[in-house]
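As structure tokens, the structure follows; a few thoughts come after it.
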Amino acid sequence: MNSNDTSLSRRRFIERLLTSAFVTVVAPALPTRALFAAVKPAAAPPPTNALRLPTAFTGGEIAARASSAFVWPDRATELRMLGGSYPGPTINVRRGEQFSATLRNDLDEPTNIHWHGLLAPANMDGHPMDTVEPGATHTYTYAVDQRAGTYWYHPHPDKRTGKQVFTGMAGFFIVRDDDEDALDLPSGAYEIPLLIQDRSARSDRAFDYTLTMPDRMSGKLGDTILANGTPDAAVDLEATLYRFRLLNGSNARVYKIAVSDGRPMHIIGTDGGLIDRPAAASSFFFGPGERVDLLLDLSNDASGTSIRLLAETFDGAIDATMQGWGADILRINVGARGPLRTLPVALPPLESIDPATALRTRRFTLKMVIPMPEDGMHTINDLVFDGMRIDETVTADTVEIWEFVNDSDEPHPVHLHGARFQILTRDGAPVDEPKDRGWKDTAIVWGRQTVRVAVLFGPHSGTYILHCHNLEHEDDGMMLNIAVVAPASGVDGADFPEGAVMNLE
Ligand code: C2O
Ligand code: CU
Ligand code: CU
């Protein structure tokens, strides 16, 4: 499996000893050489930090503000935060409720908030051109009327999304409904939201967002995996069934998620809520922007058992500069026996989109331009994002087949606003991975692969976007404007009225 696992954690362990407060307190008298001699990494338990759990958003204002916090225990990190914390506070909404929050921009640059996976009206969706200036506020409010699920929010200003997310701005947006409540899934302390992000662990503990040429080509990759903003995260759990809501909030990294002892993860939901039945997976690929809801069964673990949720290495990646690199995400220490719970055998039925109802098929070709220009090296249908140009026009509440053709060697996690889709095929083969089932808003399109999806556009008309959720690709212009028109408007894509692009404040 993860052959570089041991040496990596060993290296990190020694680094930590040399830089942590522990050294100053416990071993100031030891010269470095003696310290090395005294340390037996193989026998010592790896150092961990208690998994942070995001606070709950209680309504009102969400400030965007630069601030610092102790991500690592030894030194504070400069961050940008939403709602005063990293990760941002978790928004909890019940289906049918009116959501409302006021963004106050205390940053020195424009920002906004996009509600990833929510079917918000276009003027509430955080379009990249629809930003809030420094010192200004903007109230986002809309009715949440969609399936229970794990959604999330993050800034989306054109060309600044990568930096703002990387430096700390993102949080969960969880929708609950009666259908899901009826299943009596693990909740409260037995339901754990887990935001997975890779960041830099350089000795100055900075979330440095300088982009090198490889970063601009492949996206910003970090050398440490944080769980809810916690490096070397560990959590003490009971011997029972847990629900984990996984969110890949990384700028660019795809993870191959697994458990250290190979036990199955029971996937019960994807981007848009529950799938049709629990599906056991020993691993799955998890792209930026995607969510997976899973049950992890610790019921039969003896007290003292310790397992790790981890990212397995794939594609032979040998270090953190590469896509496919793996490391631990979360150490789980099992303690006392918890409540007796069994896996649900069934989940509520899932309506599947009938591809025969599709009005038309559109093809989107994803490319990296060679030789590479300064900007706009990643394109969709040979186009670089222009905020004021409408690229496709579709009709609200209708179905289309969209085909994503990856004409590059890199994975592109494609994401669509204001709509949901179901994945039909990958390179012509029906989708079989549990993680690809159900309602999706983001899908990995692997290098040279073609992915066909059936899209159901949402109820609102206005300008939404399609983009790559590799945030460096997105900021580089791998994004198109999608105009959604009302069914009765009679507007055709070819003559969508110019200037009606969006309502800037
Ligand atoms: Cu998660 Cu357009 O974004
Ligand atoms: Cu989105
Ligand atoms: Cu991409």
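First listed ligand is number 1; within each ligand, the first listed atom is number 1.
Taking the Cu ion (ligand 3) as reference, the nearest N/O/S atom within His473 carries the name ND1. Residue-level check: among N/O/S atoms of His469, NE2 sits closest to atom 1 (Cu) of ligand 1.
Between the Cu ion (ligand 2) and His114 there is an N/O/S contact shorter than 2.8 Å. Not one N, O or S atom of His156 sits under 2.8 Å from atom 1 (Cu) of ligand 1. In summary, no N, O or S atom of His469 is located under 2.8 Å from the Cu ion (ligand 2). Among the atoms of His116, an N, O or S atom falls under 2.8 Å from atom 1 (Cu) of ligand 1.
Interatomic distance, CE of Met478 versus CZ of Phe385, reported as 14.0 Å (0.5 Å rounding).
In this structure, Glu290 and Thr270 have side chains that are not in contact, with every pair of non-hydrogen atoms separated by 4.5 Å or more.
Geometry at the Cu ion (ligand 3): SG/Cys468 and ND1/His412 form an angle of 130°, nearest 10 degrees.
Using modelled atom types, no side-chain atom of Asp315 and backbone atom of Gly324 make a donor-acceptor pair closer than 3.5 Å.
Using cut-offs of 30° and 60° for the angle between ring planes, the His467 and His156 rings count as perpendicular.
Residues Thr230 and Asn228 bring no donor and acceptor atom of their side chains to less than 3.5 Å of each other.
Applying ring pair (Phe, Tyr, Trp, His ring centres under 6.0 Å) to Trp115 and the options Trp152, Phe99, Tyr151 leaves one that passes, Phe99.
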